[in-house]
Amino acid sequence: MKRSLIRELLAADSAGAEVLVRGWVRTRRDSREVSFLELNDGSSFRNIQVIVGHTLPGQADIQRLSTGCSVEVTGTLVDSPAKGQRFEIRASGVYVYGWADGEKYPLQKKQHSFEFLREIAHLRPRTNTFGAVLRVRNALSCAIHDFFQSRGFIYVHTPIITASDAEGAGEMFRVSTLDPLDPPRTAGQVDYSRDFFGAKTGLTVSGQLEGELLACAMGAVYTFGPTFRAENSNTTRHLAEFWMVEPEVAFAELPDDIALAEDFLKHIFRACLDKCPEDMDFFNTRIQPGVIRTLEDIVNSSFEVITYTQAVDLLKKSGESFEFPVEWGSDLQSEHERYLTEKKFMRPVVVTDYPKEIKAFYMRMGDDGRTVRAMDVLVPRIGEIIGGSEREYRLDVLVERMKSMKLDPDDLWWYLDIRRYGTVPHAGFGLGFERAMQFITGMQNIRDVIPFPRTPGNAGF
RNA sequence: UCCCCUGUAGCUCAGUCGGUAGAGCAAGUGGCUGUUAACCACUGGGUCGCAAGUUCGAGUCUUGCCGGGGGAGCCA
């Protein structure tokens with residue numbers, strides 16, 4: 001008999017079919033004549049209830065079933081006589097694949113704290129919350145590809161290992177095969193020319209620079225892959241290894257970039273609501289009350305777009321007493337971002353045209369000479385979910401900017417070549433995939449929206 | 001990296017003024033029952049994070065170390 005997914009059975013038109021399911025026992029309850037098994041196979045947030053009559057052979061085993069055991073159940077899909085579910089399976093056979101000693105199995109049929117579940121990251125996918133997280137993660141991944149593919153973007157792959165040390169997006173993890181106890185040296189310094197790649201290399205902190213090269217040939221591209229930051233960040237919204245989505249579009253300027261980001265976010269939010277209604281309902285009732293309403297409001301309204309200068313004025317006039325003073329030229333603090341998104345506008349806010357001193361070298365200089373054509377998309381609770389900009393495509397301006405920021409243009413000769421030959425205006429942004437997950441699910445800690453989080457001091461599992 | 005909080009049963013926690021430990025849930029056993037956060041009764045379960053110090057006596061006070069959480073910075 002062909003195995004059915006629980007998701008398929010729960011959505012069946014009518015009862016009556018002979019079925020076979022495989023999964024893990026969530027709970028067992030006993031009655032006089034029958035035992036009730038709650039079975040989950042990962043395909044659905046909901047379990048299917050299995051009725052095992054006490055006359056079925058192998059009763060001793062049935063009575064030993066506990067949370068975590070893996071079983072195969074054959075039986076008939078029937079209308080449930082009790083409230084709580086439409087269908088259930090009346091079992092004609094139960095085969096036990098593996099036991100889970102109730103005295104030792106860490107997961108109990110009760111709620112656990114997320115802190116505890118992080119210590120058993122190998123088992124937490126079996127919980128309601130993480131099942132839901134993983135299904136939404138999957139839907140979100142698909143939605144990202146759907147969005148770009150439907151607009152003719154080319155999915156490109158930028159390197160994980162890179163020798164460019166000038167991306168300026170954070171500390172890199174070193175990649176080396178040199179003997180750490182006795183590396184080759186020249187004049188006292190480690191000689192990376194004798195390392196595996198003949199250069200000092202590390203894990204990428206962004207695929208953007210390479211993405212620009214590809215966009216300036218393919219028109220519109222996007223990357224979606226892992227990114228690494230060796231920052232000693234200990235917060236609920238930073239990971240040392242996270243996934244980033246980075247579109248890059250040739251012949252695009254800042255307003256195009258903003259419009260793309262807005263359409264993109266709306267599309268992926270809508271997709272998660274549509275594809276994972278049961279999981280989203282769980283997040284909405286148990287994790288972050290109102291999260292569905294928030295997402296729907298965003299999908300159905302337009303983002304607020306203001307310049308950095310306007311934002312500073314608004315903050316100064318707000319009457320709020322901030323811990324950090326608001327001053328033109330210094331970056332917006334978390335409390336400032338929260339005021340804008342959570343109190344002032346109550347929705348996503350795009351802040352554009354930041355002072356050049358607080359942004360990266362590759363951003364296009366504004367006509368005023370003080371600001372760059374950058375944009376950050378801020379959302380309630382999370383803060384910055386997208387950071388992007390129009391890129392500086394004028395060779396002389398870019399070289400001058402690099403020099404003023406003490407960067408050696410020769411190190412990025414290939415990046416500058418794109419400006420030497422057939423340069424075009426182009427723009428792009430980066431979306432933190434896990435931050436999007438946090439926003440969509442309402443999960444508070446970024447470590448709980450990725451199966452195996454990497455943070456300072458933590459790379460277990 | 002900085003600031004604050006925290007570490008007691010498998011989990012979540014209580015533990016007063018310093019006198020060597022409790023609850024709920026989970027688990028085990030029995031009972032009841034088309035149950036569904038099942039219910040009722042009983043039972044087992046502890047190096048109080050680690051190390052030192054103060055004290056007649058430390059879960060409790062002090063110091064150091066380790067772990068966890070929250071906030072900040074860096075950013076996505």
Side-chain angles (χ1 to χ4, degrees), chain A residues 26-39 46-54 63-64 66-68 78-85 88 90 100-120 128 167-171 205-208 226-246 261 286 322-324 330-335 337-338 358-360 376-379 382-388 429-439 444-450 455-458 460:
Chain A
R26 284 289 173 82
T27 68
R28 192 198 82 231
R29 294 180 295 272
D30 296 320
S31 183
R32 187 210 300 272
E33 316 249 312
V34 296
S35 290
F36 301 91
L37 300 180
E38 292 286 336
L39 201 65
R46 296 177 61 200
N47 309 319
I48 197 157
Q49 177 164 275
V50 177
I51 314 300
V52 187
H54 287 171
Q63 297 300 313
R64 281 175 61 208
S66 57
T67 304
V78 299
D79 290 311
S80 178
K83 288 180 180 174
Q85 58 281 317
E88 61 191 25
R90 184 158 280 275
D101 185 345
E103 292 193 24
K104 293 177 182 167
Y105 188 59
L107 290 174
Q108 305 163 355
K109 50 179 181 179
K110 55 168 285 192
Q111 286 201 343
H112 294 287
S113 67
F114 292 131
E115 291 82 7
F116 171 67
L117 291 175
R118 269 171 230 149
E119 295 170 5
I120 51 167
N128 279 342
E167 290 171 354
E171 283 297 308
V205 295
S206 165
Q208 181 199 311
T227 307
F228 309 87
R229 303 273 168 93
E231 304 284 347
N232 191 8
S233 297
N234 294 285
T235 78
T236 54
R237 56 192 185 284
H238 288 87
L239 292 166
E241 175 184 296
F242 64 100
W243 287 65
M244 191 148 64
V245 179
E246 295 182 286
R286 295 296 197 84
F322 295 114
E323 186 184 346
F324 295 91
S330 57
D331 211 350
L332 299 181
Q333 304 289 317
S334 289
E335 56 177 342
E337 297 178 352
R338 294 188 75 125
I358 58 174
K359 288 294 181 182
D376 284 356
V377 180
L378 313 177
V379 295
I382 313 294
E384 186 178 346
I385 195 171
I386 278 179
F429 62 78
L431 167 91
F433 182 74
E434 281 76 18
R435 286 199 184 164
M437 278 293 298
Q438 275 186 283
F439 186 66
Q444 299 232 315
N445 197 311
I446 200 167
R447 296 162 203 196
D448 299 327
V449 296
I450 186 169
T455 53
N458 191 343

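Every value quoted in this text rests on a predicted model; they were computed, and no experiment measured them. So you know, we letter chains A, B, ... as the sequences are listed, proteins then strands, and number each from 1.
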Could you check how far CD of E115(A) sits from C1' of G10(B), rounded to whole Å?
17 Å
Donor/acceptor link under 3.5 angstrom from Q85(A) side chain onto base of U35(B):
yes
Give me the distance, rounded to whole Å, that separates G69(B) from G44(B) when you measure between the P atoms they each carry.
35 Å
Would you check if N445(A) and F114(A) make a side-chain contact, meaning some heavy-atom pair closer than 4.5 Å?
no
Do E33(A) and U33(B) share a donor-acceptor pair, side chain to base, under 3.5 Å?
no
Q85(A)-S80(A) side chain donor-acceptor pair, cut-off 3.5 Å:
yes
Under 4.0 Å, counting only non-hydrogen atoms across every strand here, what does P106(A) touch: a base, just sugar-phosphate, or nothing?
nothing
Return yes if the base of G68(B) and the side-chain atoms of R447(A) contain a donor-acceptor N/O pair under 3.5 Å, otherwise no.
no
Is any side-chain heavy atom of R237(A) closer than 4.5 Å to one of R435(A)?
yes
Between A26(B) atom C1' and R29(A) atom CZ, what is the distance in whole Å?
16 Å
Winner on side-chain proximity to Q333(A), out of A72(B), G34(B), U12(B), is A72(B)
By the 4.0 Å heavy-atom rule, please label K109(A) as base, sugar-phosphate, or nothing.
sugar-phosphate
L332(A) CG to C75(B) P: how many Å, rounded?
12 Å
Please determine whether a side-chain nitrogen or oxygen atom of R229(A) lies at a distance below 4.0 Å from atom OP1 or OP2 of C75(B).
no
Are any side-chain N or O atoms of R338(A) and backbone N or O atoms of G383(A), one a donor and one an acceptor, separated by less than 3.5 Å?
no
Output yes if the stacking criterion (under 5.5 Å between centres, under 30° between planes) is met for F433(A) over the base of A76(B), else no.
no
Looking only at side-chain atoms of R237(A), point me to the closest of A72(B), U1(B), U35(B).
A72(B)
Output the rounded distance in Å from NE2 (H112(A)) to P (U12(B)).
9 Å
Nearest heavy-atom approach of E335(A) to F324(A) is OE2-N, 2.7 Å
So for E88(A) and G34(B), does any side-chain atom that can act as donor or acceptor lie under 3.5 Å from a complementary atom in the base?
yes
In terms of side-chain heavy atoms of T236(A), which of G69(B), G34(B), G70(B) is nearest?
G70(B)
According to a strict under-4.0 Å criterion, is S31(A) in side-chain N/O contact with OP1 or OP2 of U35(B)?
no
Give the nucleotide from the list C11(B), G34(B), A72(B) with an atom nearest to the side chain of Q108(A).
C11(B)
Side chain of L239(A) (C-beta onward), nearest among A76(B), G69(B), A27(B)
A76(B)
Between CG of D30(A) and P of C40(B) the distance, given in whole Å, is 16 Å
Between the main-chain N or O of Q63(A) and the side-chain N or O of R28(A), is there a donor-acceptor pair closer than 3.5 Å?
yes
Answer with base, sugar-phosphate or nothing: what part of the nucleic acid does I51(A) contact at a heavy-atom distance below 4.0 Å?
base
Between the base of C75(B) and the side chain of H238(A), is one N or O donor paired with an acceptor at under 3.5 angstrom?
yes
Check every atom of C11(B), G73(B), G69(B) against the side chain of S233(A) and return the nucleotide holding the closest atom.
G73(B)
Rounded to whole Å, the CD-C1' distance (E119(A) to G10(B)) equals 12 Å
Between G73(B) and S334(A), is there an OP1 or OP2 to side-chain N/O distance shorter than 4.0 Å?
yes
Base U1(B) paired with N234(A) side chain (donor-acceptor, <3.5 Å)
yes
OP1 or OP2 of U35(B) under 4.0 Å from side-chain N/O of R28(A)
no
Residue E103(A), side-chain atoms from C-beta onward, closest of U33(B), G28(B), G68(B):
G28(B)
If you count every heavy atom of other residues, nucleotides or ligands that lies below 6.0 Å from Q444(A) atom CD, does the total exceed 12?
no
5'-most contact on RNA chain B (nearest-nucleotide basis), F116(A) vs A82(A), goes to F116(A)
